[in-house]
Chemist: 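Questions regarding the structure given below will be posed in turn.
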Number of protein chains: 2
Amino acid sequence: METNLPKFESVFTIDCVIFAFDAGKLKILLIERNEEPFKDWLALPGNFVNTDEGIDQAAERILYELTGLKGIYMEQLHIFGDVGRHPQGRVITVAYYAMIRLSGQKEPKPVSSFAKKAFWHATDMLPKLAFDHTKIFEKSLQKIKNKIFYSPIAFELLPEKFSLTQLQQLYEVILNKKLDKRNFRKKMLNYGILKELDEKQQGVSYRAAKLYKFDRRKYNKLFQKELSFGG
Amino acid sequence: METNLPKFESVFTIDCVIFAFDAGKLKILLIERNEEPFKDWLALPGNFVNTDEGIDQAAERILYELTGLKGIYMEQLHIFGDVGRHPQGRVITVAYYAMIRLSGQKEPKPVSSFAKKAFWHATDMLPKLAFDHTKIFEKSLQKIKNKIFYSPIAFELLPEKFSLTQLQQLYEVILNKKLDKRNFRKKMLNYGILKELDEKQQGVSYRAAKLYKFDRRKYNKLFQKELSFGG
DNA sequence: ATTACTTAGTGTAATCAACACACCTTATAT
DNA sequence: ATATAAGGTGTGTTGATTACACTAAGTAAT
């Protein structure tokens, strides 16, 4: 650090909220801490930012060290900077969030000894988390609830090939609300952002559903038009 | 700062993007810097966060010191933490934004000597700003463009009593697009979030328009219902 | 092969919001 | 009184959202 900057320095961390959809449940990635404070508590994967790295790179590095997950595109959620949020002093944290598909993902496993383990945990029964991580989680859940309406984030959570029923279940879990099957299908198919495949689900008892893929090209075309007032 | 925190410290600042609507133009609040680096440049009001204050309080304090504006509710926009964004070392900044009504507001005037002056500047002809402040401004403009569709931010920018034409002009300026008068009025009035007053505009040549107020209670009721899929 | 079971898949009518589009009204200034 | 400039208003069309219930297809067990 060079010399003529004032001495108002703060310790600076990153916490990651990584969502996935598994067995009909929305889950997030947690670690069990191996360091004080909050040793042995469950927490969001998070750690300190180095002074020589940008915060986006720091987020990637930290997630990798604590969970073994690599190359996940995260976005900023919010900054939490209350004076009392860390028991040992002033620590400002940037929360990042991401939504990923589990299929093809390895089991999470910490690379650094900072975390004892890393694992997926259903969001509907979260235990108390370290620091203010419960608050951070709640804010990110609210964020994806809003975002699902105007952004194709739902598809990030599903396998590449999915059935309409799976897609509907995901919406229902995120919105915490039952949806009508016919209306849901009609609306989704009318958007024209799904590509119907010549494949069916494998290995299910009972009738197999048709599979679809998300068509990103069509999606981008569609959402370049803005909302309007009949201008 | 206490002792057993690691030494990954960063200098930490806040920058404010304050929008207002004046003379048919969208404007933001700028300062002329009185300190190196970027002495004499135009910049967003911004400064260092103290280690003993929360970031939201810091934002309020900094805005006051540099512009004399007090009690303005700002929200976080984004964090900018590239390694090279400050010429003297690693500085992470949190951008805050707010939209305010000019009527009843005093002329901005710095309280601290950090800024030579503070003033409103139209957003459609911004000069080059210090640091990465142009990028920060652009991100906040994008934010309010999106937000105007689902949040009553437009009303924050108008005087308490306003005409429908004023409201439409504001939408047109923010969205950068002409709107149809009849459709705009129909839609706005149908929302039922405007209260019609028994007053008319004063001091205009030509026919005076009816004045309206924003009805926050009705707005809140309306926007508790969520978007849906016919569930 | 028949049956039981479970999920996949489908259509219509009613209501409501979005859009395109052009003229008359009212207040003021001269 | 007349010119000017902004205020204010209505309708038909189109497309989206909603509510709602049955048949079709595949698998498993007998």
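Excluded from the calculations below are hydrogen atoms, water molecules and symmetry mates; all remaining heavy atoms, backbone and side chain alike, are included. Protein chains get the first letters and strands the later ones, always in sequence-line order, with residue 1 at the start of each.
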Chemist: Ring centroids only, cut at 6.0 angstrom: are B/Phe131 and B/Phe38 within range, meaning strictly under it?
Modeler: yes

Chemist: Over 60° means perpendicular and under 30° means parallel, so classify the ring planes of B/Phe155 and B/Phe162, tilted if in between.
Modeler: tilted

Chemist: What's touching nucleotides 10-16 of chain D from the protein side, N or O pairs under 3.5 Å?
Modeler:
unit_1, atom_1, unit_2, atom_2, d
D/dT11, O4, B/Lys186, NZ, 3.0

Chemist: Should the pair A/Arg61-A/Asp56 be classified as a salt bridge under the 4.0 Å nitrogen-to-oxygen rule?
Modeler: no

Chemist: Tell me which of A/Arg207 and B/Ala208 sits closer to the 5' end of DNA chain D, going by the nucleotide each one is nearest to.
Modeler: B/Ala208

Chemist: Could you tell me whether B/Arg33 and B/Asp40 have a side-chain N and a carboxylate O separated by less than 4.0 Å?
Modeler: no

Chemist: Does a salt bridge link A/Glu156 with A/Arg101, judged by any charged N lying under 4.0 Å from a carboxylate O?
Modeler: no

Chemist: Check the distance between C/dT7's P and A/Lys200's NZ and give it to me in whole angstrom.
Modeler: 16 Å

Chemist: Let me know the distance between CG of B/Leu211 and C1' of D/dG8, rounded to the nearest Å.
Modeler: 14 Å

Chemist: Is it true that A/Lys218 and A/Asp215 make a salt bridge, defined as a side-chain N closer than 4.0 Å to a carboxylate O?
Modeler: yes

Chemist: Less than 4.0 Å between a side-chain N and a carboxylate O, is that true for A/Lys213 and A/Glu160?
Modeler: yes

Chemist: Specify the separation, in whole Å, of atom CG of A/Leu189 and atom P of C/dG9.
Modeler: 10 Å

Chemist: How many whole angstroms separate atom OH of A/Tyr206 from atom C1' of C/dT3?
Modeler: 13 Å

Chemist: May I ask you to verify whether the side chain of A/Lys181 and the base of C/dG9 hold a donor-acceptor pair under 3.5 Å?
Modeler: yes

Chemist: Checking all strands, does B/Thr165 fall into the base, sugar-phosphate, or nothing category for heavy-atom contacts under 4.0 angstrom?
Modeler: sugar-phosphate

Chemist: Identify which nucleotide among D/dT27, C/dT26, D/dT9 has an atom closest to any side-chain atom of A/Ser205, counting heavy atoms from C-beta outward.
Modeler: D/dT27

Chemist: Would you kindly give the CE-to-P distance between A/Met188 and C/dT10, to the nearest whole Å?
Modeler: 16 Å

Chemist: As a test of reading the structure: which of D/dG8, D/dT27, C/dA8 is closest to the side chain of A/Gln201, going by heavy atoms?
Modeler: C/dA8

Chemist: Nearest-Å distance, NZ (A/Lys178) to P (D/dA19)?
Modeler: 15 Å

Chemist: Could you state the atom-to-atom distance from CZ of B/Arg185 to P of C/dC19 in whole Å?
Modeler: 18 Å

Chemist: Nearest whole angstrom, please: distance from the C1' of C/dC21 to the CZ of B/Phe184.
Modeler: 18 Å

